[in-house]
Structures are given as C-alpha cells and as structure tokens.
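Working notes for the structure below.
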Amino acid sequence: AMEKGYVSMFLLLIVISCALAKDAGKKDSKDTTAKPKLPQTLSRGWGDQLIWTQTYEEALFRAKHSQKPLMIIHHLEDCPHSQALKKVFAEHKDIQKLAEKFILLNLVYETTDKNLAPDGQYVPRVLFIDPSLTVRADITGRYSNRLYAYEPSDISLLYSNMQKALKLLKTEL
C-alpha cells in the first residue's frame, strides 16, 4: 500500500508541473502578440531603452524629487512631422545618451496645463520644465510662428537645447 501512495503522489506532481508549464507557455506567447514590454510602450519609439514616465503628473513629481529637468514631447502617431522627428531623435546617439539625464515624457494627447502650449497646441513640439516645475519658455526652436517645433533638420539645435536645459539647472540651483 505504501508503494501505491508514492506512485499516485508522483503522478500528481507530473500533472501539476505540466499544467504550470502550459500556463507559462500560453502567457508568453499571448504577451508578445498583444503588446511589447512596458518601457517600449511608453517610449512610443522615441528611445526604447530610455525610461519614460506614464503621465504628466508622474513626470512633474519625478522632476521635482530627482532634481532633473523634464523634457516633454508632444506628438501624434499619424503626423508625418512627428514621425520624421521621432526617427532622427531615436537614431541620434548623443541625444539618446543625454536624454538619460532628463525625466522624459512623450504625449499623444494634450494636458489641461495651458503652460505646455505657450503658443498653441501643434505637434511635434518639445518643452523643458525645470525641477522648480517652471516651464522654460525661453528654450525655443528656430521658428517664430511655432517656438517649440523642431524639424528633423533641427536635431542638432534640439540637442544643444537639451544641453542648455541641463546647464541652466546647474547655474540656478
């Protein structure tokens, strides 16, 4: 009788481990088809290896507490200008490296904060906010009618504006 007990116990273990393996396998395949890993979803292609915040509120909180400047990119998935800027931004090695020093947020919708649209709600536009939570309206691109717009050809200006946002921080804190 003792031996029989062992056998049924052993069979039970096999059944359990098979069920677990099936579950794990099922979960994995479903995840890859449904959506990519979290950081990549939040990056929306602007830099998959960078850490992106999920909401404006979270971004402000993090900027304040980490004493890092915040960089906000407003864009739209179906806007060719946004797509073009995203491509050069994501492929620009120096920008991707420098971006690690920022709290990062990219938005495909407008927030209720009017300070994020100092001269209108166009895309793409890039704004910097310092850890005192002040929008740096003084860090602008090259177009007088859309101060915070950048074309792919302006990528080096965007890079130097990122450097400026970090420098201002050092001199003012």
Side-chain angles (χ1 to χ4, degrees), residues 34-173:
K35 60 177 200 288
K37 289 183 203 65
L38 190 67
Q40 205 177 342
T41 14
L42 289 178
S43 86
R44 296 192 180 91
W46 289 87
D48 292 343
Q49 80 295 345
L50 294 167
I51 297 165
W52 296 85
T53 47
Q54 198 155 7
T55 63
Y56 180 46
E57 293 67 30
E58 181 199 346
L60 291 176
F61 179 84
R62 288 227 210 145
K64 191 174 173 177
H65 290 274
S66 66
Q67 291 298 300
K68 285 178 171 180
L70 163 59
M71 177 160 119
I72 298 186
I73 305 170
H74 283 88
H75 65 108
L76 286 172
E77 296 294 348
D78 55 2
C79 158
H81 300 285
S82 296
Q83 291 298 336
L85 184 64
K86 178 198 294 194
K87 190 173 174 357
V88 294
F89 185 92
E91 288 170 4
H92 195 293
K93 296 217 174 5
D94 292 337
I95 277 189
Q96 291 289 311
K97 188 91 199 94
L98 197 59
E100 293 173 8
K101 295 181 160 54
F102 288 81
I103 301 299
L104 298 167
L105 177 66
N106 68 75
L107 293 174
V108 287
Y109 56 88
E110 294 292 338
T111 67
T112 51
D113 188 345
K114 298 285 172 278
N115 296 312
L116 290 186
D119 64 344
Q121 298 189 334
Y122 50 86
V123 293
R125 68 180 194 281
V126 182
L127 286 147
F128 297 95
I129 297 179
D130 67 27
S132 76
L133 305 189
T134 307
V135 174
R136 299 306 310 225
D138 53 337
I139 305 181
T140 58
R142 67 171 90 251
Y143 309 102
S144 53
N145 60 335
R146 294 184 163 200
L147 292 175
Y148 309 98
Y150 297 85
E151 294 284 326
S153 56
D154 307 324
I155 198 70
S156 57
L157 174 61
L158 180 54
Y159 179 65
S160 63
N161 276 349
M162 287 169 73
Q163 290 175 309
K164 194 193 280 185
L166 287 165
K167 239 188 236 98
L168 285 171
L169 197 64
K170 289 197 177 60
T171 56
E172 291 173 14
L173 288 184

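Heavy atoms only: backbone and side chains are in, while hydrogens, waters and symmetry mates are out. Remember, it's a predicted structure, so these values are computed and weren't measured experimentally.
Between A99 and L104, the closest heavy-atom pair is O-CD1, 3.7 Å. For the residue pair A59 and L105, the shortest heavy atom distance occurs at CB-CD2, 4.0 Å. In this structure, W52 and L50 approach most closely via the heavy-atom pair CD1-O, 3.3 Å. Here the shortest heavy-atom pairing between L107 and T111 reads CD1-CG2, 3.5 Å. Between I95 and F89, the closest heavy-atom pair is CG2-CE1, 3.4 Å. Nearest heavy atoms, G45 versus A90: O-CB, 3.4 Å.
Listed by chain and number, the residues in a ring-ring contact (aromatic ring centres under 6.0 Å, His included) with Y150 amount to none (sequence neighbours excluded). The side chain to side chain donor-acceptor pair (under 3.5 Å) check on E151 picks up nothing, with sequence neighbours excluded. Residues meeting the side chain to side chain donor-acceptor pair (under 3.5 Å) test with D113, sequence neighbours left out: Y56, N115. Every residue two or more places apart in sequence or in another chain that forms a salt bridge (charged side-chain N to carboxylate O under 4.0 Å, His left out) with R142 is listed here: D154. Under the rule for a salt bridge (charged side-chain N to carboxylate O under 4.0 Å, His left out), K101 has no partner lying at least two apart in sequence or in another chain.
Side-chain contact check for R44 versus I73: every heavy-atom pair is 4.5 Å or farther apart.
Residues K68 and E100 are not paired through a salt bridge, judged by the lack of any N-O separation under 4.0 Å between the basic side chain and the carboxylate.
For the pair R146 (side chain) and Y143 (backbone), a donor-acceptor distance under 3.5 Å is absent. Y148 places a side-chain N or O within 3.5 Å of a backbone atom of A137 that can act as its donor or acceptor partner. A donor-acceptor distance shorter than 3.5 angstrom exists from the side chain of E58 to the backbone of Q54, with no hydrogens or angles considered. At distances below 3.5 Å, not a single donor-acceptor pair connects side-chain atoms of T134 with backbone N or O atoms of D130.
The structure places NZ of K167 at 8.5 Å from OG of S160, a figure rounded to the nearest 0.5 Å. To the nearest 0.5 angstrom, T53 atom OG1 is 6.0 Å from R62 atom CZ. Rounding to the nearest 0.5 Å places OG1 of T140 at 7.5 Å from CG of L157. Summarising the geometry, atom CZ belonging to R125 is positioned 10.5 Å from atom OG belonging to S82; distances are rounded to the nearest 0.5 Å. Interatomic distance, Q49 CD to K97 NZ, rounded to the nearest 0.5 Å: 9.5 Å. The CD atom of Q96 lies 8.5 Å from the CG atom of D48; values are rounded to the nearest 0.5 Å.
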### Task
Could you walk me through whether L158 and V88 pass side-chain contact (heavy atoms from CB on, under 4.5 Å), step by step?
CA-CA 11 Å; L158 180 54; V88 294; over 6 Å; no

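Within a 6.0 Å sphere centred on CG of L133, other residues, nucleotides and ligands contribute more than 12 heavy atoms.
Each ring-ring contact (aromatic ring centres under 6.0 Å, His included) pair with one or both residues in residues 57-83, not counting sequence neighbours, appears once here: W46-H75, F61-H65.
Here the options are L127, V135, I103, the test is side-chain contact (heavy atoms from CB on, under 4.5 Å), and the partner is L70; only I103 passes.
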